[in-house]
Amino acid sequence: MEKYEHKKIEEKWSRKWIDERVFTPDLKNSQNPYYALFMFPYPSAEGLHIGNFYAFTCVDVMAKYKKLKGFDVFEPIGWDAFGIHSENYALKIGEAPGKMLERTVANFTKQIQAAGLSCDWTREVNTMSPEYYKWTQWIFTQLFEKGLAYQKEAYLNWCPSCKTVLADEQIEGGECERCKNIPEKRKMKQWFFKITHYADRLLDGLGKMDWSEITKSAQKNWIGKSEGANIKFKVANSDLEFEIFTTRPDTLFGCTYCVLSPEHELVSKIISDKQKDAVEKYIQEAGIKSEIERKENKEKTGVFSGAYAVNPANQEKVPIWIADYVLAGYGFGSIMAVPAHDERDFEFAKKFNLEIREVIAGGDINKEAYVEEGNLVSSGKFSGVQSIKAKKVITEFVGGKLVANYKLRDWCISRQRYWGPPVPVVYCEKCGTVAVPEKDLPVVLPEMEKNWEPSGDGKGPLAKVESFMKTVCPRCGGEARREADVMDNFLDSAWYFFRYLSPDNNKEIFSKDLGGKWLPVDLYIGGNEHAVLHLMYTRFITMALHDLGLIDFDNPFKRFRANGMILKNGKKMSKSKGNVINPEEYGEKVGYDALKSYILFLGPLSEDRSFSDEGIMGTKRWAERIFNLFDRVDGEYTDEKKVLRKLHRTIKNMENDMEEQKYNTAIAKLMEMTNVFYETSKISEETFKKFLILVAIFLPALAEELWEKLGHTKSIFKEKWPEYDPALIQDEEINLVIQVNGKIRDIIRVNADISEEEAREAAIKSEKIKKYTAEKEIKKIIFVKSKLINIVV
RNA sequence: GCCCGGGUGGUGAAAUGGUAGACACAAGGGACUUAAAAUCCCUCGGCCGCAAGGUCAUGCGAGUUCGAGUCUCGCCCCGGGCACCA
């Protein structure tokens, strides 16, 4: 008997598939396109991570299944090579990022090619190549022309370690997403993308999307829509006014004070001379407090401004306070405070001894705020009205406006770093800020051997390259300066799947005819840590491209699934614990076929899974068992009926499981089939061939090898998925469950097509059943065809 | 606090409202072997029982149903998202 040499087999076939372009579709002439996409990796120096490897595999098995099912499958590969992650590592090892990435991309290529995925290696993209980032910059210029890219001054997250501003989405749990340091708030003028313009579409779209619930829920929470009203308050004894947002306009009569955030522009204009010192001191202290301090110490602080506002509902004068529990960035940075019906206002009012006035009946407002809705009291002519109705009529009464507010902020895209696409604008004294026209793109990132590290002075390293900075205005031809910042790495990755279709097209961002055929992407799988980063940015960019008239859809991925995490023996992997799973190591030890099958077999796609070195031997043994079956294959043999039945059932069940991406049970069914083969001494060649096609999804190299040993010269992936014969699936005899009052009392073998009459007769005849029915009245009999019969007594 | 997931043997897990625990790991036993590894075969939720069988069992408590892991309601616990967001 020949030995199963996984390494030899896998090396042979992974090479052959690439060389013979088995998985390179003809994009133009495809009849039946299926676009299978995994999140392209950032080629880290550490090499391929098992988490990436797992997500790739989840996409890859579907790609292989669809290919066998007759689809033209496109499973592209590329490199997310620009960005802080690569740059930080280059800094650490003191090497220029471009040089370093040449090496790491080569290493990733080697690793992924060894894994036997069905990638098309002829259409690689790399975000750091000028041919690619020309179009990243082009997107910027298009958004700029549409008013969706703009500059503004704002308080931003400044990472003191990465020495750049970051988007809100890149702050995770108060830490920099990359380096885990705590960012500071800095007031800076930066470039933004107006993602808030799409807030409603991003939210409403979720309802129709076939994406993992967990991802949709994260996006929904992040967008954070709340419905309420904008209401204007006048400042007493002046012609100043300010606007507030509230979700509870029905409680307007209970407003006993107002609060402005320390950053509010009105603060300096309204403070009284008497309060001036106190207010200025407070603002200074609030400014020093870090985000973390604010979070940890939620004790309310504030100071009276000395000014009063006029409640537009009853014309009462209420004091205006300055307090940092009101955030500058949400709504107008100013609120009406209703301590009787808001927990935060209640706490503040208690501390500073402000009036608490009940305007919704219910609860004991001496103890705590009553935040439910209800019937209005002490609200003038609106007393007695229900909250829900009062919201509308009170808003109208004071000339306010019913509106929705969002937590989502605009996406800050400039980075004071080196390793990214330069923001393609020039500043001209005469013409102002001008986007670089398409014919002048890309704005090439100059090679910097030295001084490319971030300086921390708020300007990108490119500011030091005079030959880059000095340019001419594309509009008037006069002297002009370039922008020194580069763009966020998440912009590079927000559109890469468009580029895969035509990576060499230098006339268009992507070839429209191919886009019409292949987009949107059919299946996308990746980690949910990107729910409000990559995945939301991508939706936004897709919507923007839609509005530019480039595409006719605005959801980039028809189906998205968030894959679970891989744990080692139930624990999170980390380098410090030394329990990192290296795919290459297991490829060597048990083979990639066994490794891939194992991580899929561990459980449902979306759930976390615990990897163990003992467990993986299960799929290794399975592969070996299949390999060893080869000696039982006989061209002359006719299979037993039970083997044929199992085969056809397996085909059918596999189809169901694969469509629903239940990879774990699909593999289990192939294992069952394997076990049935071991109950027979011979297998017909016909049956074994069909079996190999099923197996090829999960154990591709093994299947190819045995396919070749059967005498085939073409790849098994050129074959068609076998069809099952419904007639062969039917059992002749079945187990009929007999219940009495819903409890199983007997199981008998009967003809599969037994009628209700016959079943009833057989059930009553059963000795075991007689025990339970004797001397009892049969009230009812329930019969479920070819399953059970239940006697109710 | 609000919004998503989830809770089933020693372990990872299966189960269109119809035989709970498929498949696999671990464990135990057997065959082969001088021996071991590998391989092949068998057993494997708890309790009572020699067995046949009985009985309990899918986080807890109710309910709907002839029948509930699955549906409904209320609670508990775990994971994730948001959170001084007005």
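Computation of the quantities below employed the complete heavy-atom set of this structure, encompassing side-chain atoms and omitting hydrogens, waters and symmetry-equivalent molecules.
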Distance below 4.0 Å between Arg621(A) side-chain N/O and rC25(B) OP1 or OP2: yes

Compare side-chain N and O positions of Tyr772(A) against OP1 and OP2 of rG54(B) and report whether any pair is under 4.0 Å apart. yes

Side chains of Lys185(A) and Asn157(A) only: does a donor on one sit below 3.5 Å from an acceptor on the other? yes

Where does rG7(B) land, syn or anti, given syn is within 90° of 0? anti

Considering just the side-chain nitrogens and oxygens of Lys768(A), establish if one lies under 4.0 Å of OP1 or OP2 belonging to rG53(B). yes

Look at the side-chain N and O atoms of Lys220(A) and state whether any lies under 4.0 Å from the OP1 or OP2 oxygen of rC3(B). no

Aromatic rings His530(A) and His534(A): how do their planes relate, parallel, tilted or perpendicular, breaks at 30° and 60°? perpendicular

In whole angstroms, the gap separating C1' of rA15(B) from NZ of Lys787(A) amounts to 11 Å

Phosphate-side-chain proximity, Ser334(A) and rA86(B), N/O vs OP1/OP2 below 4.0 Å: no

For Tyr325(A) and Asp345(A), which I'm curious about, is there any donor-acceptor pair between the side chains at under 3.5 Å? yes

Residue Leu602(A), side-chain atoms from C-beta onward, closest of rG12(B), rG80(B), rA86(B): rG12(B)

Name the closest nucleotide to the Asn735(A) side chain, picking from rC84(B), rU19(B), rG81(B). rU19(B)

Whether Arg745(A) contacts rU55(B) is assessed here as follows: a side-chain N or O lying under 4.0 Å from the phosphate OP1 or OP2. Is that the case? yes

Check the phosphate of rA14(B) against Asn664(A), side-chain N and O only, distance under 4.0 Å to OP1 or OP2. Yes or no? yes

Any side-chain donor paired with an acceptor under 3.5 Å for Asp657(A) and Thr665(A)? yes

Output yes when at least one side-chain N/O atom of Asn675(A) is less than 4.0 Å from OP1 or OP2 of rA24(B), else no. yes

Selection from rG53(B), rG6(B), rC41(B) that lies nearest to any side-chain heavy atom of Glu607(A): rG6(B)

Can you check the Glu5(A) CD to rA38(B) P distance for me, whole Å? 19 Å

Distance-only polar pair, side chains of Tyr678(A) and Arg632(A), donor-acceptor under 3.5 Å: no

Check: Lys300(A) side chain, rC84(B) base, donor-acceptor under 3.5 Å: yes

Quick note, Ala668(A) side chain, CB onward, closest among rA22(B), rC41(B), rC4(B) is rA22(B)

